[in-house]
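One structure is given below, encoded as structure tokens.
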Amino acid sequence: MKIIDIIQNAIRDRKCRFAFELLPPLKGDNIDTIFRTIERLQPFDPAYINVTYHREDVKYIERPDGLLEKHITNRRPGTVAISAAIMARYGIEVVPHLICGGFSSYETEEALIDLNFLGIHNVLALRGDTLKGEHSFKPVPNGHAHAVELVRQIIRMNEGLYMDSEAEQITPTDFCIGVAGYPEKHSEAANPDIDIEFLKQKVDAGADYIVTQMFFDNRKFFDFADRCLAAGIRVPIIPGLKPMTTKNQISMLPQIFHVDIPQPLAKAVLACENNAQVRTIGTEWAIGQAEELKKSGVPIIHFYTMGKADNIETIAKQVFGQTSVSGQTN
Ligand code: FAD
């Protein structure tokens with residue numbers, strides 16, 4: 001099923017559901033970690049599961065002669081395989097993330113062909129972050145510089161237009177496309193208005209819905225949704241929430257994701273004596289956010305798990321209720 005249909009059904013039924021994202025396990029780790037996470041959250045009827053994509057890391061290792069040697073590694077490969085395994089095992093819709101960084105258009109096309117053959121018809125189209133050590137995002141030769149170009153390529157494939165015009169048997173794909181939006185502005189955007197203009201370009205290019213970057217103050221989301229509407233963006237906007245779990249996230253999250261932590265949350269976290277206390281505070285804060293978003297009528301709330309989902313289980317239990325065998329929620 002397409003994610004946009006799941007969203008439209010939730011809107012029609014006035015039933016807010018949740019989705020969550022999983023990270024592929026670290027290289028060498030087992031897929032069972034992923035399965036255990038899903039099995040904890042399955043009783044709460046997740047709408048779908050996102051699987052993140054991780055670009056290669058660049059490491060410089062000092063050689064005995066003092067020169068630096070460049071090493072390229074990918075610590076979390078396996079997005080496509082994990083997505084397929086989840087769908088086959090649980091029958092839950094999956095949304096693999098696809099990024100521009102490191103991919104030529106030909107490689108992107110191959111990844112999309114793989115997804116299509118695996119019966120995966122949902123993707124989140126992203127640019128990806130700047131590679132460590134680079135000042136600004138650089139596409140590989142014949143790659144995309146912005147997510148909008150990736151959206152256009154996917155739409156072309158949905159119209160049966162592949163890169164290789166000599167392909168004899170043309171089967172159009174049928175991908176539903178999500179894109180990223182930033183309630184507190186993307187870090188590289190000159191101002192919030194231009195960021196929304198670029199977001200509208202992605203929607204005009206064919207994106208079906210938007211998922212937001214995490215935010216800790218719902219007013220930022222409501223304001224963003226209003227500004228999107230004023231700019232003519234009519235697709236559903238799915239809010240993204242990240243329950244805080246460790247004290248160092250107070251500075252790390254603003255640094256990495258360019259989001260503000262509201263003063264009451266920051267004060268409460270700073271007063272914690274250990275991370276177990278932070279986890280409790282962060283979970284309670286996210287429950288408060290989710291309850292308010294649910295009341296406001298959002299169809300789906302997306303949770304960033306960062307690999308650990310016990311807090312999402314607590315939130316799901318409280319906000320979304322357990323689904324019994326008959327499909328009734330408690
Ligand atoms: P874009 O839409 O290309 O925007 C990037 C910047 O360029 C913005 O400042 C925008 O205003 C500007 N811009 C856009 N279009 C144009 C244009 N045509 N001309 C000039 N400027 C333009 N990263 C990963 O590596 N893997 C993941 O799995 C992943 N998952 C994510 C999931 C969500 C829900 C979100 C919100 C982010 C995720 N990211 C992920 C991070 C994302 O890749 C970064 O935030 C990245 O820096 C921007 O991606 P984007 O798709 O928003 O890029």
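Just so you know, ligand 1 is whichever comes first in the structure, and atom 1 is the first atom listed for that ligand. Source: prediction; values computed, not measured.
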Show me the pairs that pass salt bridge (Lys or Arg N to Asp or Glu O under 4.0 Å) and involve residues 244-269, at least two apart or across chains.
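Only Lys220-Asp260 qualify under salt bridge (Lys or Arg N to Asp or Glu O under 4.0 Å).
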Pairs where residues 79-104 contributes a residue and the test salt bridge (Lys or Arg N to Asp or Glu O under 4.0 Å) is met, not counting sequence neighbours
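Every pair satisfying salt bridge (Lys or Arg N to Asp or Glu O under 4.0 Å) with a residue in residues 79-104: Glu39-Arg89.
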Using the rule given for side chain to side chain contact (heavy atoms under 4.5 Å, CB included), can you reason through Thr79 versus Thr52, listing the C-alpha separation, both sets of side-chain angles and the distance that settles it, and then say yes or no?
CA-CA 7 Å; Thr79 300; Thr52 57; 5.8 Å; no
Expected output: side-chain Glu69 to main-chain Tyr60 donor-acceptor under 3.5 Å:
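Absent.
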Could you tell me whether a side-chain N or O of Arg76 sits under 3.5 Å from a main-chain N or O of Pro24, the two making a donor and an acceptor?
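Present.
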Mind jotting down which protein residues get a heavy-atom contact under 4.0 Å with ligand 1? Chain and number order, please.
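Under the 4.0 Å cut-off, ligand 1 touches Thr52, Tyr53, His97, Ile99, Leu124, Leu126, Arg127, Gly128, Asp129, His146, Ala147, Ala180, Tyr182, His186, Glu188, Ala189, Asp195, Phe198, Gln201, Lys202, Val211, Gln213, Tyr304.
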Listed by chain and number, what are the salt bridge (Lys or Arg N to Asp or Glu O under 4.0 Å) partners of Asp223, not counting sequence neighbours?
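Asp223: salt bridge (Lys or Arg N to Asp or Glu O under 4.0 Å) contacts with Arg227.
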